[in-house]
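Lettering of chains follows the sequences in order, A, B, ..., and the numbering in each one begins at 1. Note that the coordinates shown come from a computational prediction; the quantities given were computed from them, not determined experimentally.
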Amino acid sequence: MAKNITPKEKNYSQWYQDVIRAAELADNAPVRGCMVVRPNGYGIWENIQAVFDRAFKETGHVNAYFPLLIPNSFMEKEAQHVEGFAPECAVVTRAGGSELEEPYVIRPTSETVIGYMYSQWVQSWRDLPILINQWCNVMRWEKRPRLFLRTSEFLWQEGHTAHATREEALAETMLMLDVYRRMMQENLALPVIHGEKSMNERFPGADNTFSCEAMMSDGKALQAGTSHFLGQNFAKAFDITYQDKNGKIEYAWTTSWGTSTRMIGAIIMTHSDNDGLVLPPRVAPVKAAIIPISSDEAKLSDSLAPTAMKLSNELNAALGCLGVAVDRQFHMRPGDRFFHHLQRGVPLRIELGEREFDESRVTIVRRDNSKKEQVSFDAAPARVKELLDDIQKNMYDKALAFREQNTRDVSSLDEMKDFFRKNTNGGFARAYFDGSPDDEKDIKDSTGGATIRCMPTEDESRGKCVYTGKEGARRCIFAKAY
RNA sequence: CGGGAUGUAGCGCAGCCUGGCUAGCGUACCUGCAUGGGGUGCAGGUGGUCGGAGGUUCGAAUCCUCUCAUCCCGACCA
């Protein structure tokens, strides 16, 4: 057991922070609520970006960049939007040594500037759809920051699209929700439930919001990605109009969708253990560490290290990435080196020592030391690839099994209260619900914080509402959330 | 922003109540020797204007006021 990490059973928040520190993912910045993303953490983000970016491009989107500063008046054009975001906006009022004529808001999200630009770019039905994504930073002055989950400044991607018809925009909203679900499941090993948000949880300015919800290992829910159907709200606020085939002027229909560095928090809280970080191989910056071991320095530099380099090149070629690194901390004791990689979430360790070398074999060991096997040099690339795929799959299966173990169907309000009272966080409660936003708030108050995370898209069943008793209610996932 | 707590070496802490020699301890770090396949052992050493500002006092880590930051519990959110 790692002595620099508080066990999660003892104090989950402390455990989370300890894992981040031990894995050198991020540090607190000198600015309130901001974080410094360290190389090991940024490497995860780069891998996430790579797989998501590819998926966006495969579905016809292109990248662009819009400015960090937004004229204050833009924010005020959409009533719901300004109401939702005003409390958490940081504003620039001085620049160049004097007071600005109009304050600039540091973007909390870019619907407004992008809407403004779209209004200039769109004239005809032929100009639609516009399918643009941007990777950038945004700032939201949150009350209670937590590394990766909620920081004042965070990195994300925001897609903004404009369409000629309502149907097309709705289809886009659902398409991107599904892209998120797939990417999270396949690459981050996060089983997520995707579905529609309740009115209380809607994005300010959206007609409808959908999300991907994941269960953390303490039973709480985390919203890992959202896709919004904005209707014509922003088109009307920013005058995004086009002339249709009949020559008639129409408002466009828009969508927006985003995922952020919060996904790194989701990965940590879904997979990691009391020894430290556990990373899904597909997004691990280091997928395997080759560790040459010998007490004979000449042997290390003359034969083991060069062989390790050769092996890492072969492995990288086989994996199609640069995820295999040679550990050159030769002066450290083997135990220290193993521990270092363990805490940083490196899925596989390849031990290359005198014992193996003499026999032209390497030892492949899993992070948790659960399996150790010897393979020949020639067989190593294929075997490593196989093992990484296996680990990736097992992580997903394990997370899914955990979610299922902590999900329960509840058919009455008392049962729901009981579910969330018994444990500290409960888990996911599945229940039919057809009440009003105030009814939902009442459930929140009486359960110690459980809210509707989403109404699963794939669940078309109908039943009796736990609150009102009305028949024909949709099924909802209730949970306490981060 | 409300309730609670904490700021002393990179990290974790003691000292504060009851003011007083040169501010300690563990760990990390550096050096040496021995070691070496899941957090090595011994010995020696480097490193602190005690979060910041002001006040009380002959004298402040310690008492008082203000301030900043962090953590926990709420409200808010990707």
Side-chain angles (χ1 to χ4, degrees), chain A residues 1-6 11-14 16-18 21-22 24 27-34 83-89 108-109 136-158 180 197 200-204 209 211-214 222-228 256-266 275-276 291-297 300 329-343 349-357 362-363 365-370 372 374 424 441 444-445 448-449 451 480-482:
Chain A
M1 173 96 41
K3 58 194 172 197
N4 58 346
I5 293 177
T6 306
N11 182 341
Y12 199 81
S13 298
Q14 191 61 52
Y16 177 74
Q17 289 176 84
D18 289 348
R21 171 171 287 281
E24 297 179 337
D27 251 340
N28 281 314
V31 178
R32 196 204 94 96
C34 291
E83 194 189 321
F85 281 107
E88 56 192 52
C89 281
T109 179
C136 66
N137 57 343
V138 288
M139 179 159 275
R140 298 181 187 178
W141 215 253
E142 301 289 356
K143 305 295 180 198
R144 194 179 160 196
R146 310 188 72 189
L147 290 173
F148 290 112
L149 296 182
R150 201 171 34 242
T151 46
S152 301
E153 179 191 10
F154 57 93
L155 303 179
W156 79 342
Q157 124 321 277
E158 49 179 327
Y180 284 163
K197 280 287 193 186
N200 284 343
E201 305 279 332
R202 245 176 229 164
F203 176 78
T209 289
S211 72
C212 291
E213 302 285 334
L222 183 73
Q223 179 174 309
T226 50
S227 186
H228 313 292
S256 69
W257 27 275
T259 57
S260 71
T261 36
R262 173 181 274 190
M263 285 190 287
I264 296 174
D275 280 331
I291 310 173
I293 304 167
S294 174
S295 47
D296 181 341
E297 282 193 30
L300 260 176
Q329 302 291 324
F330 301 141
H331 57 277
M332 280 169 76
R333 297 178 72 255
D336 290 332
R337 297 161 76 188
F338 298 160
F339 192 74
H340 176 80
H341 297 296
L342 167 88
Q343 290 218 305
R349 203 165 74 226
I350 299 173
E351 298 175 10
L352 182 61
E354 296 168 291
R355 297 175 199 172
E356 296 80 17
F357 193 67
V362 296
T363 305
V365 189
R366 295 193 179 210
R367 172 190 174 279
D368 60 3
N369 226 23
S370 63
K372 221 176 220 198
Q374 291 218 331
T424 35
K441 277 182 187 145
K444 185 177 183 180
D445 292 339
T451 51
K480 295 183 186 177
Y482 276 100

Asker: What does the B/S/- profile of nucleotides 73-78 of chain B look like, 5' to 3', with a 4.0 Å heavy-atom cutoff to protein?
Answerer: S-BBBB
Asker: Hey, what do you get for CG (A:N28) to CD (A:Q17), rounding to the nearest 0.5 Å?
Answerer: 7.5 Å
Asker: In sequence, state the C-alpha distance, the side-chain angles, and the governing distance for A:R21 and A:D27, and then conclude on side-chain contact (heavy atoms from CB on, under 4.5 Å).
Answerer: CA-CA 7 Å; A:R21 171 171 287 281; A:D27 251 340; 3.9 Å; yes
Asker: Against the six-membered ring of A:F338, is A:R349 placed for a cation-pi contact (under 6.0 Å from the centre, within 45° of the normal)?
Answerer: yes
Asker: Is it true that the side chains of A:N4 and A:Q343 contain a donor and an acceptor less than 3.5 Å apart?
Answerer: yes
Asker: Nearest whole angstrom, please: distance from the P of B:A28 to the NE2 of A:H340.
Answerer: 16 Å
Asker: What distance, rounded to whole Å, do you find between the two C1' atoms, one in B:U6 and one in B:U22?
Answerer: 28 Å
Asker: Under 4.0 angstrom, heavy atoms only, what part of the nucleic acid is A:M263 near: base, sugar-phosphate, or nothing?
Answerer: nothing
Asker: Suppose you measure atom P in B:G10 against the same atom in B:G47; what distance do you get, rounded to whole Å?
Answerer: 12 Å
Asker: Without decimals, in angstroms, what is the distance between A:D296 CG and B:U35 C1'?
Answerer: 15 Å
Asker: Looking just at side-chain N and O atoms, do A:S370 and A:D368 make a donor-acceptor pair shorter than 3.5 Å?
Answerer: yes
Asker: Could you tell me how far apart A:H331 (NE2) and B:U31 (C1') are, to the nearest whole angstrom?
Answerer: 14 Å
Asker: Using a 4.5 Å cut-off on heavy atoms from C-beta on, say whether the side chain of A:Y180 contacts that of A:T259.
Answerer: yes
Asker: Counting only Watson-Crick or G-U wobble pairs whose two distances fall under 3.5 Å, which nucleotide matches B:A60?
Answerer: none
Asker: Expressed as a whole number of Å, how far does the P atom of B:C68 sit from that of B:G52?
Answerer: 15 Å
Asker: Nearest to the side chain of A:T363 - B:G38, B:C72, B:G37?
Answerer: B:G37
Asker: Using Watson-Crick or G-U wobble geometry with both distances below 3.5 Å, tell me the partner of B:A43, or none.
Answerer: B:U31
Asker: Just checking A:D336: base, sugar-phosphate only, or nothing, at a heavy-atom cut-off of under 4.0 Å?
Answerer: sugar-phosphate
Asker: Which pair of non-hydrogen atoms, one from A:S294 and one from A:L300, has the smallest distance, and what is that distance?
Answerer: O-CD1, 3.6 Å
Asker: Let me spell it out: for each of A:R366 and A:N11, pick the nucleotide of RNA chain B with the closest heavy atom. Which residue's pick is nearer the 5' end?
Answerer: A:R366
Asker: Using the P atom in both, what is the distance from B:A9 to B:G48, to the nearest Å?
Answerer: 11 Å
Asker: Would you name the heavy atoms of A:S211 and A:K197 that are closest together and state the gap between them?
Answerer: OG-CE, 3.3 Å
Asker: State the pairing partner of B:A78; accept Watson-Crick or G-U wobble contacts with both distances under 3.5 Å, and report none otherwise.
Answerer: none
Asker: Table please: side-chain donor-acceptor pairs of residues 138-146 of chain A below 3.5 Å, with sequence neighbours left out.
Answerer:
from, atom 1, to, atom 2, distance (Å)
A:R140, NE, A:P108, O, 2.7
A:R140, NH2, A:P108, O, 2.8
A:R146, NH2, A:S13, OG, 3.1

Asker: Could you tell me how far B:C64 sits from B:A5 if I compare only their P atoms? Round to whole Å.
Answerer: 14 Å
Asker: What interatomic distance, in whole Å, is found between C1' of B:U8 and the corresponding atom of B:G15?
Answerer: 9 Å
Asker: Starting at CG of A:N4 and ending at C1' of B:G39, how long is that distance when rounded to a whole Å?
Answerer: 9 Å
Asker: Starting from C1' on B:G39, measure out to CZ on A:R367 and report it in whole angstrom.
Answerer: 14 Å
Asker: With the sugar-phosphate defined as primed atoms, P, OP1 and OP2, and the base as all remaining atoms, what B/S/- string results for nucleotides 3-11 of chain B, 5' to 3', for protein heavy atoms under 4.0 Å?
Answerer: ---------
Asker: Rounded to the nearest Å, what distance is computed from the CG atom of residue A:N28 to the P atom of nucleotide B:C68?
Answerer: 18 Å
Asker: If we take the C1' atom in both B:G12 and B:G19, what is their distance in whole Å?
Answerer: 27 Å
Asker: Using Watson-Crick or G-U wobble geometry with both distances below 3.5 Å, tell me the partner of B:C11, or none.
Answerer: B:G26
Asker: According to the Watson-Crick and G-U wobble definitions, with both distances under 3.5 Å, which nucleotide is paired to B:C16?
Answerer: none
Asker: Enter the distance from A:C34:SG to A:L147:CG here, rounded to the nearest 0.5 Å.
Answerer: 11.0 Å
Asker: Looking for any heavy atom pair under 4.0 Å, which part of the strands does A:Q14 touch: base, sugar-phosphate only, or nothing?
Answerer: nothing
Asker: Considering only atom C1', compute the distance from B:G3 to B:G59 and round it to an integer number of Å.
Answerer: 38 Å
Asker: Using whole Å, what does the distance between atom P of nucleotide B:G38 and atom CG of A:D275 come to?
Answerer: 14 Å
Asker: Please classify the nucleic acid contact of A:L342 as base, sugar-phosphate, or nothing, using heavy-atom distances under 4.0 Å.
Answerer: base
Asker: Who does B:U6 pair with, Watson-Crick or G-U, both distances under 3.5 Å?
Answerer: B:A69
Asker: Show your reasoning for whether side-chain contact (heavy atoms from CB on, under 4.5 Å) applies to A:R337 and A:I293.
Answerer: CA-CA 10 Å; A:R337 297 161 76 188; A:I293 304 167; 4.2 Å; yes
Asker: Which listed nucleotide (B:G38, B:A69, B:G37) is nearest to the side chain of A:R349?
Answerer: B:G38
Asker: Could you check A:W257 against A:Q157 for side-chain contact (heavy atoms from CB on, under 4.5 Å), going step by step and ending with a plain yes or no?
Answerer: CA-CA 8 Å; A:W257 27 275; A:Q157 124 321 277; 3.4 Å; yes
Asker: To the nearest Å, how far apart are A:Y16 OH and B:C72 P?
Answerer: 11 Å
